[in-house]
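Remember, predicted model here, so these are calculated numbers, not experimental data. Within every chain, numbering begins at 1; the chains are lettered A, B, ... in the order of the sequence lines, protein sequences first and strands thereafter.
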Amino acid sequence: MTVRTRFCPSPTGMVHVGLMRTALFNWAHARHTGGTFVFRIEDTDAARDSEESYRHLLDCLRWLGLDWDEGPEVGGPHGPYRQSERREIYADVAAKLVASGHAYESFSTNDEVAARRMAAGQDPKLGYDNADRHLTDAQKAAFRAEGREPVLRLAMPDEDLVWTDLVRGEVRFAAGSVPDFVLVRGNGAPLYPFVNPVDDALMEITDVLRGEDLLPSTPRQLALYAALTDIGVAKGTPRFGHLPYVTGEGNKKLSKRDPQSNLDIYRERGFLPEGFANYLALLGWSIAEDRDIFSTAEMVEAFDVTRVSANPARFDLKKAEAINATHLRALPVEEFVERVVPFLAGAGLISEPPTPEQDRVLRVIAPLAQERMIVLSEAVGLLAFLFVEDVEIDPAAAEKQLAGPEAVEVLDAAAAALRDLPEFTTPAIEEALKTALVEGLGRKPRQAFGPVRVAIGGRTVSPPLYESIELLGRERTLHRLTAARDVAAG
RNA sequence: GCCCCCAUCGUCUAGCGGUCCAGGACGCCGCCCUUUCAAGGCGGUAGCACGGGUUCGAACCCCGUUGGGGGCACCA
């Protein structure tokens, strides 16, 4: 039987990195096995769901490079793929469950349940006591007469609930440890623990990979599946695999509150989709003993759910950055330029698309910039000096490099050396500056080039100096040298 | 309180009974290269939570302890 996995988020608020990891694993599992990846939107909570969040979810999935075979905007044989459009289905299945005796009407209020447990000397936290399982028609009529609206509960079987988890092996819950749970609210609204398995069954999902937080609800789903299979709605029970948490500082599950959990910040900083996917994959999975850099295609090739680790993984920004930097450096120059343009344009440094001159400059500087960046947004600070008329000199850099007569002397000598240079090329510039500053003034390279760098780039960190000067051109270079000289002279 | 999950360097992990006085990566610390910052090269630091078994032999299997995490809604 071919594998069918699914990703079924609810469109509420921001997109969580842990959620994306779950999507990635489901997708990779489907792709590795030649199966189908289904995308379904669980928008049954009108109060929290939003259209904007829905769109954003699709956008994030596509950004990461995860395509779906069935789902919103692509359709498929099991649609619709938004739960808000599937209401009648749930009502129909619920009715069948009641008719077949798997589900029943329950009138007890929480207070009544708690009171009964207390009276029996039990902990009220034990939950529902299955008291309404065998209500007579007369009793039900009496409750209705009081104006009560029953919820629908599933009658749990009296046997251990066991499954072989794809990542954890055998997991067992003792018979009687899970109370009959609510499928449909008193007002007729179907609940998540009901609609989720119903949709999975109808969409013929074979492998459910989801967060560890849902592990305790699996026994209920097993029971539901058995009932659904009995009434012909499901063809059987899927395999389950519970993925470990992605945690933040202090081993706590990365919360929605934690800014670190928002995928947007990584996109905005300029993580590459393949770099971020690579890091996400490392959260619970490894491709080989001595390797951790790989493409998404290589992940698909090697992915095996069975080898996913069961222990929680801490999200480590430093490592994520290191992985991304490696991918960034491996990018062909053309592609690097293409990806960096939106960031430079967004900062107002270049136009989009770049002018021919901007493009020329970018192509020259790209390989030099590429190897000293970890995320694309850094290009803005690193390359701004090439695309403006006058640089703004960073005060800290000025204080460090543009203070006193020594700096004035260096800047004057540099200007003099470059003013009448016959060929304004990188080797000629290097030669001229070394001659003038190192030999001429007897300065150590460090002292000689520090002030020049700040004059040119406005900061102490920049791409290689001579290349930068050539790209800048004689006029702007001399102008900046003079401007910096004035700063140094006080 | 009840139920469940997890346990190898600071972090992510490899290890699926002998080839492990435990391998890789990030981080950190040195050194080299060097016009800055990086990158790159070389080297270093650091770990099988504890206690019992099983076995000729355990990081690997079993039990317990401890520690960490999660779930117990007419939310998803």
Side-chain angles (χ1 to χ4, degrees), chain A residues 8-12 42-45 47-49 83 106 109-110 122-128 149-153 165 167-168 171-174 177-179 181-193 195-196 211-219 242 244-245 247 249-253 279 282-293 307 309-323 325-326 329 368-374 378 382 397 401 430 433-434 437-438 444-450 452-454 456-457 459-466 468:
Chain A
C8 51
S10 50
T12 58
E42 308 220 327
D43 51 350
T44 54
D45 185 353
R48 291 195 302 159
D49 298 331
Q83 287 185 334
S106 169
T109 65
N110 288 337
Q122 297 167 335
D123 185 344
K125 296 207 77 173
L126 252 28
Y128 182 63
E149 304 222 294
V151 300
L152 245 41
R153 289 184 188 271
D165 197 276
V167 346
R168 285 152 215 276
V171 181
R172 173 181 300 268
F173 285 76
S177 63
V178 185
F181 65 102
V182 177
L183 303 173
V184 180
R185 272 188 191 166
N187 66 9
L191 262 16
Y192 168 82
V195 300
N196 178 272
E212 182 183 345
D213 49 332
L214 289 168
L215 191 147
S217 73
T218 305
H242 290 91
Y245 280 113
T247 71
E249 293 305 315
N251 301 327
K252 294 276 191 292
K253 173 182 163 189
Y279 179 65
L282 256 15
L283 261 18
W285 182 73
S286 64
I287 194 166
E289 178 170 351
D290 54 359
R291 178 175 177 211
D292 60 11
I293 299 292
R307 292 180 49 84
S309 160
N311 39 340
R314 171 107 118 237
F315 189 94
D316 181 358
L317 183 60
K318 276 290 199 324
K319 179 134 182 178
E321 290 177 340
I323 299 282
T326 305
R329 268 177 263 121
L368 274 15
Q370 198 173 355
E371 66 183 24
R372 59 205 76 209
M373 288 167 44
I374 56 180
E378 286 175 306
L382 197 63
Q401 296 290 356
E430 173 171 6
L433 287 180
K434 279 186 172 162
L437 308 181
V438 180
K444 290 216 163 61
R446 187 175 288 274
Q447 302 166 315
F449 296 106
V452 177
R453 177 179 307 282
V454 172
I456 298 300
R459 335 192 308 169
T460 52
V461 177
S462 79
L465 191 56
Y466 315 126
S468 298

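Of the candidate nucleotides B:rA38, B:rG71, B:rU35, B:rU35 has the atom nearest to the side chain of A:Tyr466. The side chain of A:Asp292 sits closest to B:rA25 out of B:rA25, B:rU36, B:rG71.
Nucleic acid contact for A:Pro464: base, since at least one base atom lies under 4.0 Å from a heavy atom of the residue. If you check every strand for non-hydrogen atoms under 4.0 Å, A:Tyr245 touches sugar and phosphate atoms only.
Here, B:rC28 and B:rG71 have their C1' atoms 38 Å apart, quoted to the whole Å. Look at the C1' atom in both B:rU34 and B:rC16: the space between them is 47 Å, to the nearest Å.
Remark: P of B:rG71 and NE2 of A:His242 are 13 Å apart, rounded to the nearest angstrom. Taking atom OH of residue A:Tyr128 and atom C1' of nucleotide B:rC72, one finds them 17 Å apart after rounding to whole Å.
Scored by the ring-ring contact (aromatic ring centres under 6.0 Å, His included) test, A:Phe315 finds A:Tyr266, A:Tyr279 as partners (sequence neighbours excluded). Partners of A:Asp49 according to the side-chain contact (heavy atoms from CB on, under 4.5 Å) rule, which considers only residues two or more places apart in sequence or in another chain, are A:Ser10, A:Pro11, A:Thr12, A:Asp43, A:Asp45. Every residue two or more places apart in sequence or in another chain that forms a side-chain contact (heavy atoms from CB on, under 4.5 Å) with A:Leu191 is listed here: A:Val182, A:Arg185, A:Pro193.
Here the CG-CD1 distance, from A:Leu465 to A:Ile456, works out to 6.5 Å after rounding to the nearest 0.5 Å.
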Sort me out a list of protein N/O and nucleotides 11-15 of chain B N/O pairs below 3.5 Å, or just none if empty.
residue : atom : partner  : partner atom : Å
B:rC12  : OP1  : A:Arg314 : N            : 3.4
B:rC12  : O2'  : A:Leu282 : O            : 2.9
B:rU13  : OP1  : A:Gly284 : N            : 3.3
B:rG15  : OP1  : A:Arg307 : NH1          : 3.2
B:rG15  : OP1  : A:Arg307 : NH2          : 2.8

Expected rows: protein N/O vs nucleotides 74-76 of chain B N/O, under 3.5 Å:
residue : atom : partner  : partner atom : Å
B:rC74  : O2   : A:Gly186 : N            : 3.2
B:rC75  : OP1  : A:Arg185 : NE           : 3.3
B:rC75  : OP1  : A:Arg185 : NH2          : 3.0
B:rC75  : OP2  : A:Arg185 : NE           : 2.4
B:rC75  : OP2  : A:Arg185 : NH2          : 2.4
B:rC75  : O2'  : A:Asp45  : OD2          : 3.3
B:rA76  : OP2  : A:Tyr192 : N            : 3.1
B:rA76  : O2'  : A:Ser10  : OG           : 2.9

Give every pair of a protein N or O atom and an N or O atom of nucleotides 41-50 of chain B that lie under 3.5 Å apart, one pair per line with the distance.
none

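Residue A:Ser177 is the one, among A:Leu465 and A:Ser177, whose nearest nucleotide of RNA chain B lies closer to the 5' end (criterion: closest heavy atom). Each of A:Val461 and A:Arg329 has a nearest nucleotide on RNA chain B; the 5'-most of these lies closest to A:Val461.
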